Amino acid sequence: MDRNVLVVEDEKNLARFIELELKHEGYSVEVMLDGREGLTRALEHHFDIILLDLMLPSLNGMEVCRRIRQVKTTPVIMITAKDGVMDRVSGLDSGADDYIVKPFAIEELLARMRALTRRTSDPGLAEKSSILEHRGLKVDLNSYRVTKDNEEVTLTKKEFDLLQMLIENKNIVLTRDRILEKVWGYDSEVETNVVDVYIRHLRHKVDSADSPSYIQTVRGAGYVMRE
């Protein structure tokens, strides 16, 4: 079955290039050149993945992503011409699961898309119904819901995958490289500081000021959740 991809990109030549390359790889592709129109399309129809430019007319990519995240968990890759750390962090903060910087090789984009959709294409995932629990956190692998003390916590797909990995490996220190390999699915092009960004996002969403962090940093080694 074809995977449906929404491309929201206002550079017509780039949008057309991406469309042709993805169709050649067997994807079903729709292109929107405007942020507001892209948002409407994303909310009204099902897509397996969204490629979202940062700088768009009518509504910028970060705002489009925020509004998508209010109602959907569709994987989003942010396309940006800005390579600064804060620009990448801003994109991740808006709810994007990954980012890619212009100019990029189509092979890299395809690799990121495959990695991002690998979990959702796993037929065994639908059979899982277990709930992971840790200090008031409940992670439902079947519905992709996370609650803390019975209050829902909204996570992106990558944040969810990272939290699941940490809980499933309680008391085991996970290196950044191992996290990249497990959560992202590849480890050659992604910078390890992306893991630090996602850990910071998770802490912001699940930690409380009056209790120790769920995720402990092991200096020089990685991260761990302890009993």
Side-chain angles (χ1 to χ4, degrees), residues 2-43 45 47-69 72-118 120 156-159 161 176 180-181 183-198 200-201:
D2 287 348
R3 286 197 166 273
N4 298 317
V5 180
L6 175 64
V7 179
V8 188
E9 168 62 66
D10 67 324
E11 293 183 31
K12 293 182 180 180
N13 290 338
L14 177 58
R16 181 58 175 165
F17 168 73
I18 294 173
E19 179 184 14
L20 291 174
E21 291 290 339
L22 294 186
K23 284 184 175 179
H24 179 71
E25 295 294 325
Y27 290 93
S28 177
V29 184
E30 292 189 39
V31 174
M32 293 290 160
L33 304 174
D34 175 272
R36 196 170 299 278
E37 292 177 358
L39 174 62
T40 298
R41 191 66 178 167
L43 295 181
H45 299 269
F47 293 96
D48 296 292
I49 193 166
I50 298 172
L51 306 180
L52 180 62
D53 187 26
L54 179 62
M55 303 301 294
L56 292 166
S58 299
L59 206 61
N60 67 53
M62 282 191 284
E63 184 59 28
V64 171
C65 193
R66 288 191 189 99
R67 297 190 188 186
I68 290 173
R69 280 291 168 261
K72 288 191 172 185
T73 59
T74 309
V76 174
I77 296 178
M78 191 77 77
I79 300 174
T80 174
K82 299 180 178 181
D83 193 24
V85 172
M86 290 311 300
D87 296 308
R88 298 197 297 269
V89 169
S90 296
L92 296 171
D93 278 339
S94 70
D97 297 278
D98 201 355
Y99 66 89
I100 190 167
V101 178
K102 301 177 186 178
F104 54 83
I106 192 64
E107 291 80 8
E108 180 184 1
L109 176 61
L110 291 169
R112 290 175 182 268
M113 291 173 64
R114 287 192 297 269
L116 192 55
T117 58
R118 188 170 290 123
T120 58
T156 68
K157 183 177 182 299
K158 277 291 183 289
E159 291 168 351
D161 293 346
R176 291 171 178 82
L180 283 175
E181 182 179 358
V183 176
W184 274 260
Y186 55 97
D187 58 5
S188 59
E189 299 295 332
V190 182
E191 301 171 13
T192 55
N193 65 356
V194 170
V195 174
D196 301 325
V197 171
Y198 275 86
R200 187 162 62 248
H201 286 215

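Remember, predicted model here, so these are calculated numbers, not experimental data.
- Atoms CD1 and CD, on Ile106 and Glu25 in that order, are 8.0 Å from each other to the nearest 0.5 Å.
- Here His45 pairs with Arg41 under the side-chain hydrogen bond (donor to acceptor under 3.5 Å, both in side chains) rule; sequence neighbours left out.
- The salt bridge (charged side-chain N to carboxylate O under 4.0 Å, His left out) analysis of residues 51-60, with sequence neighbours excluded, yields the pairs Asp53-Lys102.
- For Asp10 (side chain) and Asp34 (main-chain N/O), no donor-acceptor pair under 3.5 Å exists by modelled atom type.
- Minimum interatomic distance between Ile68 and Ala42 (heavy atoms only, all atoms of both residues): CD1-CB, 3.8 Å.
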Report the C-alpha distance between Asp196 and Arg200 in whole Å, list the side-chain angles of each, state the deciding distance to 0.1 Å, and finish with yes or no for salt bridge (charged side-chain N to carboxylate O under 4.0 Å, His left out).
CA-CA 6 Å; Asp196 301 325; Arg200 187 162 62 248; over 6 Å; no
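- Between Arg69 and Asp97, at least one side-chain nitrogen of the basic residue sits less than 4.0 Å from a carboxylate oxygen of the acidic one, meeting the salt-bridge criterion.
- Contact check for Asn193 versus Val197: no side-chain heavy atoms found under the 4.5 Å cut-off.
- Residue Cys65 comes nearest to Ala96 through the heavy atom pair SG-N, 3.4 Å, listed as atom of the first residue, atom of the second, then distance.
- In this structure, His201 and Thr156 have side chains that are not in contact, with every pair of non-hydrogen atoms separated by 4.5 Å or more.
- Here CG of Leu22 is found 13.0 Å from CZ of Arg3. Values are rounded to the nearest 0.5 Å.
- To the nearest 0.5 Å, the span separating CD1 on Ile50 from CE on Met113 amounts to 11.5 Å.
- By the 4.5 Å heavy-atom criterion applied to side chains, Ile18 and Phe104 are counted as neighbours.
- Here the side chains of Tyr27 and Asp48 are not in contact, with every heavy-atom distance at 4.5 Å or above.
- Under the rule for a side-chain hydrogen bond (donor to acceptor under 3.5 Å, both in side chains), the partners of Lys23 that lie at least two apart in sequence or sit in another chain are Glu19.
- Although no hydrogens or angles enter the test, the distance criterion places no donor-acceptor pair under 3.5 Å between the side chain of Glu11 and the main chain of Asn13.
- Here the CG-CZ distance, from Leu39 to Arg66, works out to 12.5 Å after rounding to the nearest 0.5 Å.
- Residues Val183 and Lys158 are in side-chain contact: their nearest non-hydrogen atoms beyond the backbone lie under 4.5 Å apart.
- Taking CD1 of Ile49 as the reference point, atom CG of Leu6 lies at 11.0 Å (rounded to 0.5 Å).
- To the nearest 0.5 angstrom, Arg112 atom CZ is 11.5 Å from Leu51 atom CG.
- Residues Arg36 and Leu59 have side chains in contact (heavy-atom distance under 4.5 Å, counting atoms from C-beta outward).
- At a threshold of 4.5 Å between non-hydrogen side-chain atoms, the residues Lys12 and Leu33 count as touching.
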